[in-house]
Amino acid sequence: MNSERTDIQLAERISRLIYRKLLGILTPEEERELAAWRDENPRHERLYRKLLDTTFLEMEYRKRQTADAGRPLADMQRRLRQMSVRRRLWPRLGGAAAIVLLLATSVVLLKERTRQEEILPTMTEQEATAYYAAQIRPGETEATLTLENGEAVRLGADTVENRAAIQESKMKQPSVKKELNQLSTARGGEFRVTLEDGTEVWLNAETQLIYPDTFAADERWVELRGEAYFKVAKNEAKPFCVESRGQLVRVYGTEFNIRAYEEDADVYTTLVEGSISQRPLHGSGAELVLTPGKQAVFDKEREETSVRPVDTQSVTAWRKGMFVFEEQNLEQIMQDLSRWYDFSYEFKDEALRKTVFMGTVPRYGDFREVLEILEKSGGLKFSMRERMVIVSAR
């Protein structure tokens with residue numbers, strides 16, 4: 001049953017990649033993934049070329065509609081997942097047929113979308129914005145684990161499948177003394193990982209965590225780029241160290257949040273409970289000890305740190321499904337939202353970038369609702385072109 005489920009998931013994944021290819025929105029990483037599948041077997045390449053023929057796909061769709069009129073794609077996928085009662089059917093149906101079925105439906109949906117876009121010029125700006133906003137979805141649990149040998153493993157919300165995929169990939173490579181893993185989330189992604197010592201790490205969008213399979217005997221060392229929440233397993237004899245954008249945080253067992261995005265001028269380390277020390281990674285800067293409720297703000301250029309009190313619930317709200325903005329300017333807010341909802345933005349009025357806001361919006365909410373909350377709270381107006389959000393004063 002597990003192999004059948006894997007085949008179905010692969011069929012769905014490949015159909016989605018080819019659909020994105022038809023739309024012209026395939027990312028370089030997805031292009032490489034699709035190319036690897038094509039190179040895997042000559043039959044894959046022949047199927048790929050056939051699937052680019054939209055006439056063939058529409059004919060397949062119409063044939064299936066005739067045999068089973070009105071059944072939506074969701075029902076097709078549900079039936080495919082119920083293979084446990086029809087185990088002998090899958091070998092005859094094959095991954096190729098499943099891809100044809102799913103992709104044929106996608107092509108028809110693509111044509112319907114094209115017809116919708118022909119209507120867009122007749123819409124008002126408000127109607128067009130509502131239409132485009134409806135296409136944007138909140139992020140999902142997904143990440144890519146890059147192993148020491150360069151092999152990339154895609155991870156999702158199913159921990160059992162994740163373990164199986166990682167185990168399978170590790171079996172392919174020779175054993176190394178200290179293997180380093182690179183766990184990355186893209187825009188619109190988040191992930192939680194448990195390290196070998198029991199430490200839990202929640203990764204926000206566009207974040208990278210580098211860590212070993214097995215920690216050294218005297219310390220536990222990881223490197224972070226982006227934002228993550230750490231719940232470190234206590235071990236007094238073996239400190240846990242986080243290197244992030246020129247600073248080093250040392251802990252023994254505690255909970256804290258680090259925000260270390262490349263575009264930010266500062267690195268923000270917020271202690272929720274326990275005790276941690278912070279210092280510049282290089283040079284002779286003094287080591288600061290933080291107490292709960294305090295945030296260390298490390299200036300990356302000057303390699304200087306200041307400490308201030310903060311509301312830790314607000315700083316870590318992203319992990320619990322909320323965006324809490326405490327005296328953040330609109331530029332910072334749009335950065336966070338675009339990272340999670342995966343959109344671009346521009347300001348019609350540059351002065352708006354520095355406008356300070358305070359408020360709360362749901363992290364998994366409807367994107368239109370997020371825009372409405374900001375509009376009502378700050379005298380703003382949002383309009384959209386595709387995935388571009390234009391910010392102007394009302």
Side-chain angles (χ1 to χ4, degrees), residues 1-17 19-20 27 29-30 33-34 37 73-84 95 98-99 102 106 135-147 151-170 181-196 198-211 213 222 224 226-231 255 257 316-323 336-343 361-367 370:
M1 180 62 186
N2 286 339
S3 63
E4 291 168 356
R5 201 165 110 190
T6 301
D7 287 341
I8 295 169
Q9 289 171 334
L10 175 62
E12 292 175 342
R13 176 62 185 166
I14 296 302
S15 70
R16 182 182 178 189
L17 290 177
Y19 176 54
R20 288 173 63 81
T27 67
E29 182 183 346
E30 290 172 333
E33 183 182 351
L34 185 58
W37 177 80
L73 175 60
D75 190 47
M76 296 179 194
Q77 293 173 332
R78 179 184 61 78
R79 292 173 63 210
L80 283 173
R81 293 191 180 100
Q82 292 176 339
M83 298 304 292
S84 57
I99 294 174
L102 292 169
S106 297
Q135 316 305 313
I136 294 181
R137 299 286 184 269
E140 298 177 346
T141 300
E142 57 183 9
T144 300
L145 180 66
T146 305
L147 304 177
E151 182 171 355
V153 184
R154 297 181 65 87
L155 306 176
D158 191 319
T159 55
V160 174
E161 290 183 358
N162 291 343
R163 289 195 198 101
I166 294 170
Q167 183 68 22
E168 181 181 349
S169 296
K170 287 186 180 293
N181 302 302
Q182 180 178 297
L183 184 63
S184 305
T185 56
R187 291 171 71 84
E190 65 178 359
F191 202 78
R192 179 170 70 90
V193 61
T194 302
L195 307 184
E196 63 98 6
T199 292
E200 294 178 90
V201 188
W202 286 259
L203 278 64
N204 206 343
E206 281 193 314
T207 295
Q208 182 184 93
L209 180 72
I210 298 174
Y211 63 96
D213 261 358
V222 301
L224 173 72
E227 183 171 23
Y229 184 91
F230 292 82
K231 187 176 182 180
E255 295 188 33
N257 191 90
T316 63
W318 65 268
R319 191 172 65 89
K320 299 177 182 178
M322 297 297 293
F323 285 105
D336 284 349
L337 292 176
S338 65
R339 208 178 267 125
W340 178 240
Y341 283 96
D342 189 14
F343 65 86
V361 297
R363 184 172 164 89
Y364 300 100
D366 185 282
F367 186 59
V370 173

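We number each residue from 1, following the sequence as shown.
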* Asked: Is any side-chain heavy atom of W202 closer than 4.5 Å to a side-chain heavy atom of T316?
  -> no
* Asked: Can you tell me if N162 uses its side chain to pair, donor with acceptor, with the backbone of A157 under 3.5 Å?
  -> no
* Asked: Got a sec, which residues hit salt bridge (charged side-chain N to carboxylate O under 4.0 Å, His left out) with E142, two or more places apart in sequence or on another chain?
  -> none
* **Beyond-backbone contact of E29 with T144, side-chain heavy atoms, under 4.5 angstrom** => yes
* To the nearest 0.5 Å, how far apart are CD in E200 and CZ in F230? -> 12.5 Å
* side chain to side chain contact (heavy atoms under 4.5 Å, CB included) with E33: which residues, sequence neighbours excluded? -> R13, L17, R154
* Rounded to the nearest 0.5 Å, how far does OG1 of T141 lie from CG of L203? -> 11.5 Å
* To do: State, yes or no, whether a side-chain contact exists between L147 and N181 at a heavy-atom distance under 4.5 Å.
  => yes
* Does A205 offer a backbone N or O that forms a donor-acceptor pair with the side chain of T207 under 3.5 Å? -> yes
* Structure fact -> Those residues at least two apart in sequence (or on a different chain) that pass side chain to side chain contact (heavy atoms under 4.5 Å, CB included) with R137 are none
* **Test salt bridge (charged side-chain N to carboxylate O under 4.0 Å, His left out) applied to R339 - qualifying residues, sequence neighbours left out** => E206, E263, D336
* Might you work through the side-chain contact (heavy atoms from CB on, under 4.5 Å) test for L145 and F191, ending with a clear yes or no? => CA-CA 11 Å; L145 180 66; F191 202 78; over 6 Å; no
* With sequence neighbours excluded, tell me which residues meet side chain to side chain donor-acceptor pair (under 3.5 Å) with Y229. => E255
* Asked: If we ignore angles and hydrogens, is there a donor and acceptor under 3.5 Å between the side chains of W318 and E227?
  -> yes
* List for me each residue that meets salt bridge (charged side-chain N to carboxylate O under 4.0 Å, His left out) alongside E196, sequence neighbours excluded, and say none if there are none. => none
* From CA spacing to verdict: side-chain contact (heavy atoms from CB on, under 4.5 Å), L155, L183 -> CA-CA 10 Å; L155 306 176; L183 184 63; 3.9 Å; yes
* State, with a plain yes or no, whether a side-chain heavy atom of Q135 is found less than 4.5 Å away from one of F367. => no
* Within the distance-only criterion (no hydrogens, no angle test), does the side chain of R187 pair as donor or acceptor with the backbone N or O of F343 below 3.5 angstrom? -> yes
* Counting only N and O atoms by type, is there a donor-acceptor contact under 3.5 Å from the side chain of R363 to the main-chain atoms of K320? -> no
* Asked: Does any non-hydrogen side-chain atom of V201 lie less than 4.5 Å from one of T199?
  -> yes
* Of all the heavy-atom pairs spanning L224 and A228, show the shortest one and how long it is. => CD1-CB, 3.7 Å
* Asked: Within a strict 4.5 Å, meaning less than it, do heavy atoms of the Y341 and V370 side chains meet?
  -> yes
* Calculate, to the nearest 0.5 Å, the distance between atoms CG and NZ belonging to L195 and K231 respectively. => 13.5 Å
* Asked: Once you round to the nearest 0.5 Å, how far does CZ of R192 lie from OG1 of T159?
  -> 8.5 Å
